[in-house]
2 protein chains.
Amino acid sequence: MADSMLDESILDMPLEQMVTFRVSRLHAKMSAQASNILKNSAGISLMQWRVFVMLETHGKLTPAAIVRRTELDKGQLSRAIKGMVNAGLISSAPSESDQRAHVIDFTEKGLEVFHLARPHMRQRQTRLLNSMTAAEREALFGAMEKLDAVVDELEAEQ
Amino acid sequence: MADSMLDESILDMPLEQMVTFRVSRLHAKMSAQASNILKNSAGISLMQWRVFVMLETHGKLTPAAIVRRTELDKGQLSRAIKGMVNAGLISSAPSESDQRAHVIDFTEKGLEVFHLARPHMRQRQTRLLNSMTAAEREALFGAMEKLDAVVDELEAEQ
DNA sequence: TTACTTTGGTTGATCCGTCAACAAAAAAGT
DNA sequence: ACTTTTTTGTTGACGGATCAACCAAAGTAA
């Protein structure tokens, strides 16, 4: 019953209510704000911030390991790392086990810069999560996982 | 209680669980898929599709009216419309009441092209929405609205 | 009227995300 | 051993998104 109603209402669904569009607008808004906070507090980009977060939670890493965990684009990541090494924010040492790879890690300066941004980003994250009830948070993440899965399904069907 | 637990767990939250990052990945995945479907079925872009959807649900429109309702970038929209007029997908007539504005509408060809894509897009939308329960759908949209609002709040505080 | 502000639309600059091509090294298959 | 395939990382090209500058018309206020 809920489904049949759904099927019909889709016919005239305005753009503003479509899932992809809403996610798209939310994404634009949230990442623009994150970028601003990062630029103002630490002068780094969102991509650089993400590299820092990965280093903090997992320790020294190779770019490939970051790609595996995050599905970030390896080209984009490569450029971000180059910029960070250049700016003295991270160190890059050749891997012992793999001649192709290099292991990146915080430099002292990088850690300082990271700590400039972290309280702002953490407070924002807290605010974002606390705007929802626990049930809403679970529903949101659950719904995002389901959407993710359906996109994969549709992909496989083609 | 739930909140204090939340506050602490944020300290070591991996990137993969952060809200902005998750929304970002979901956005990338969903819009890439939508773009593919649109390209394959009708040879149009996501932006062009959105213009079509606006015309279908609201009838003839000026670009400014679209911007007001969707918050799409007016520059981006201007270029999309130029391309669509050029491709014969929409008509552009000078507004009677405002010498600056022009009113756009479907051409016959545009309507045909739109109808090529619509069943695919509608089916996808249905599948996306049906992957969730009614409660989850409400939670998702509610959560997105709340996140949207918090971003605005944070913006205002700066 | 005449000045000032707001709105509608176009354009250019710039940045970000995505994709494909490529070289070097490693791993797997024979 | 040697050939083939996979993985790692860099680079170039391209399209999309964002932002600011700008012009023309409308609206507002004096």
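Below, read A as the first sequence line, B as the second, and so on, with proteins coming before strands; counting in each chain starts at 1.
We find that CG of B/L72 is positioned 16 Å from C1' of D/dC19, with the value rounded to whole Å. The CG-C1' distance, from A/L77 to C/dT18, rounds to 14 Å in whole Å. What separates CZ of A/R25 from P of D/dT18 is a distance of 12 Å, to the nearest Å. The NE2-C1' distance, from B/H102 to C/dT10, rounds to 10 Å in whole Å. With rounding to whole Å, A/Q33 atom CD is found 15 Å from D/dT18 atom P. For the pair B/L46 CG and C/dT18 C1', the interatomic distance rounds to 15 Å; values are reported in whole Å.
Aromatic ring pairs are classed by plane angle as parallel below 30°, tilted from 30° to 60° and perpendicular above 60°; the pair B/W49 and B/F114 is tilted.
Under a hydrophobic clustering in which Ile, Leu, Val, Met, Phe, Trp and Tyr are joined whenever their side-chain heavy atoms come within less than 4.5 Å, directly or via other members, A/F106 and A/V85 fall into the same cluster.
Shown here are the ring pair (Phe, Tyr, Trp, His ring centres under 6.0 Å) partners of B/H102, two or more places apart in sequence or in another chain: there are none. With sequence neighbours left out, the side-chain contact (heavy atoms from CB on, under 4.5 Å) criterion links A/S78 to no other residue. For A/A34, the side-chain contact (heavy atoms from CB on, under 4.5 Å) test picks out A/L46, A/M121, A/R124, with sequence neighbours left out. Not counting sequence neighbours, A/S31 has no partner by the side-chain hydrogen bond (donor to acceptor under 3.5 Å, both in side chains) test. The side-chain contact (heavy atoms from CB on, under 4.5 Å) search around B/R79 returns none, not counting sequence neighbours.
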Pairs under 3.5 Å (N/O, protein and nucleotides 19-25 of chain C):
{"from": "C/dA25", "atom 1": "N3", "to": "A/R100", "atom 2": "NH1", "distance (Å)": "3.1"}

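Checking D/dG16, C/dG8, D/dG9 against the side-chain heavy atoms of B/A101 singles out C/dG8 as nearest.
Mapping A/R68 and B/S45 onto DNA chain D by nearest heavy atom places A/R68 closer to the 5' end of the strand. Comparing A/A28 and A/V103 by the nucleotide of DNA chain D that holds the closest heavy atom to each, the one mapping nearer the 5' end is A/V103.
Residue pairs meeting the side chain to side chain donor-acceptor pair (under 3.5 Å) criterion with at least one member in residues 142-152 of chain B, sequence neighbours excluded: A/K29-B/D148, A/K29-B/D152, A/E136-B/K146. Applying the salt bridge (Lys or Arg N to Asp or Glu O under 4.0 Å) test to residues at least two apart or on different chains, the pairs with a partner in residues 81-105 of chain A are A/D98-A/R100.
Within residues 81-97 of chain A, the residues approached by DNA chain D to less than 4.0 Å at the level of any non-hydrogen atom are A/K82, in residue-number order.
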